[in-house]
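Basis for what follows: all heavy atoms, side chains included, without hydrogens, waters or symmetry-related copies. Source: prediction; values computed, not measured. Lettering follows sequence order; numbering is per chain, from 1.
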Amino acid sequence: MKPLPLSFFKRPTLAVAKDLIGCRLVRRRGDGTIERHMITETEAYDGHDDLASHASKGRTPRTDIMFGPGGYWYVYLIYGMYWMLNVVTGPKDYPAAVLIRGLEGISGPGRLTKALGISHAQNKKPVSKKSDLWIEGPMKKIPPGMIEKTARIGIDYAGPLWTEKEYRFVLKSSKLG
DNA sequence: GGAGTGATGACA
DNA sequence: GTCATCACTCCA
């Protein structure tokens with residue numbers, strides 16, 4: 001299966017977040033071995049008005065990558081311990097990203113980066129093979145009814161308007177290969 | 001329920 | 001320079 005093209009990520013953030021469910025996150029290790037993990041949970045962070053998004057504070061050294069074109073990794077450290085893996089989405093100058101929150105068999109955004117050995121080394125790199133971290137399409141098409149929409153996790157600071165938005169997508173069952 | 005952990009952004 | 005905060009996880 002070929003890697004998803006960068007154009008896949010330049011579409012609207014919510015569409016990318018939903019379409020990533022069922023796709024496979026692919027990691028090439030230092031020893032050359034390749035692992036594939038199905039994406040089961042994502043969250044969208046959409047535009048500078050989204051108070052849950054880092055980009056709502058404006059363009060800073062950290063968020064600069066979010067203002068670039070879609071198709072690049074945005075990786076940052078939270079609580080001094082956990083790396084969060086995001087992919088920048090949308091066109092250049094529109095700040096948005098999708099957080100990859102869960103993989104099949106690995107739930108939790110901090111746990112998945114630890115399991116795959118992802119850190120700031122991947123930050124700002126393209127979502128392609130040359131970064132040793134890329135995404136391939138789904139084995140089987142995921143029916144729309146299999147994807148659950150919910151509110152995002154851990155963003156109460158953003159206020160009720162943004163907390164209530166159903167920007168989180170979860171695969172209902174992992175019976176699909 | 002509560003601790004651990006350090007980069008980040010706001011302010012001086 | 002200081003300080004509070006944080007898109008989390010683990011243990012009790």
Side-chain angles (χ1 to χ4, degrees), chain A residues 8-23 25 27 35 37-91 93-127 131 133-135 147-172 174:
Chain A
F8 176 93
F9 302 100
K10 296 180 182 178
R11 300 177 301 133
T13 310
L14 288 169
V16 174
K18 180 165 74 69
D19 291 347
L20 281 177
I21 299 296
C23 291
L25 181 65
R27 177 67 164 141
E35 299 175 13
H37 303 267
M38 184 171 66
I39 297 171
T40 57
E41 184 180 350
T42 61
E43 275 180 5
Y45 290 82
D46 188 24
H48 68 276
D49 291 338
D50 183 353
L51 294 181
S53 171
H54 294 162
S56 66
K57 290 176 183 162
R59 198 163 186 157
T60 68
R62 179 169 66 160
T63 62
D64 187 63
I65 185 68
M66 290 184 74
F67 287 77
Y72 290 81
W73 296 116
Y74 167 40
V75 184
Y76 68 92
L77 187 70
I78 190 74
Y79 297 113
M81 280 178 278
Y82 303 104
W83 296 103
M84 298 289 103
L85 178 65
N86 301 251
V87 55
V88 176
T89 57
D93 294 327
Y94 184 84
V98 172
L99 170 65
I100 299 179
R101 283 193 66 89
L103 306 173
E104 187 177 30
I106 310 173
S107 57
R111 296 184 63 200
L112 79 87
T113 52
K114 185 178 179 187
L116 296 191
I118 293 164
S119 72
H120 63 106
Q122 281 72 42
N123 192 31
K124 300 188 178 185
K125 289 191 174 179
V127 182
S131 302
L133 185 66
W134 67 95
I135 300 177
I147 300 176
E148 188 176 6
K149 270 172 50 173
T150 81
R152 291 174 290 183
I153 306 293
I155 55 151
D156 288 351
Y157 62 86
L161 174 65
W162 293 98
T163 301
E164 288 166 8
K165 287 188 183 297
E166 297 192 318
Y167 282 5
R168 175 171 172 253
F169 300 90
V170 187
L171 186 64
K172 284 187 180 176
S174 58

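Atoms OH (A/Y157) and C1' (C/dC8) sit 12 Å apart, rounded to a whole Å. Rounded to a whole Å, the CZ atom of A/R168 is 16 Å from the P atom of C/dA7.
A side chain to side chain contact (heavy atoms under 4.5 Å, CB included) with A/F8 is found for one member of A/V16, A/I135, A/T89 and no other, namely A/V16.
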>> Please evaluate residues A/L25 and A/L85 with respect to the criterion side chain to side chain contact (heavy atoms under 4.5 Å, CB included), reporting the C-alpha separation (whole Å), side-chain torsions for both, the decisive distance (0.1 Å), and the verdict.
In response: CA-CA 11 Å; A/L25 181 65; A/L85 178 65; 4.0 Å; yes
> Are A/V98 and A/N86 close enough, and set up right, to give a side chain to side chain contact (heavy atoms under 4.5 Å, CB included), and what steps lead you there?
Replying inline: CA-CA 5 Å; A/V98 172; A/N86 301 251; over 6 Å; no
>> Would A/D50 and A/K165 count as a salt bridge (Lys or Arg N to Asp or Glu O under 4.0 Å) here? Give the steps.
In response: CA-CA 10 Å; A/D50 183 353; A/K165 287 188 183 297; over 6 Å; no
> Step by step, would you call A/R152 with A/E43 a salt bridge (Lys or Arg N to Asp or Glu O under 4.0 Å)?
Replying inline: CA-CA 7 Å; A/R152 291 174 290 183; A/E43 275 180 5; 5.5 Å; no
At a cut-off of 3.5 Å, list every protein nitrogen or oxygen paired with a nitrogen or oxygen from nucleotides 9-12 of chain C, distance to 0.1 Å.
{"residue": "C/dT9", "atom": "OP1", "partner": "A/G108", "partner atom": "O", "Å": "3.4"}
{"residue": "C/dT9", "atom": "OP1", "partner": "A/P109", "partner atom": "N", "Å": "3.0"}
{"residue": "C/dT9", "atom": "OP1", "partner": "A/G110", "partner atom": "N", "Å": "2.7"}
{"residue": "C/dT9", "atom": "OP1", "partner": "A/R111", "partner atom": "N", "Å": "3.2"}
{"residue": "C/dT9", "atom": "O4'", "partner": "A/Y82", "partner atom": "OH", "Å": "3.1"}

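Stem analysis of DNA chain B (at least three stacked-register Watson-Crick or G-U pairs, each with both distances under 3.5 Å) gives B:1-4 with C:8-11, B:6-11 with C:1-6.
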>> Using a 4.0 Å heavy-atom cut-off to protein, can you give one letter per nucleotide of nucleotides 5-12 of chain B, 5' to 3': B if the base is in contact, S if only the sugar-phosphate is, - if neither?
In response: BB-SS---
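In this structure, a donor-acceptor pair under 3.5 Å is present between the side chains of A/Y94 and A/D46.
Backbone-only engagement by A/I155 is indicated by non-hydrogen atom pairs under 4.0 Å involving sugar-phosphate atoms exclusively.
Looking at A/S131, its side chain does come within 3.5 Å of a backbone N or O of A/P126 through a donor-acceptor pair.
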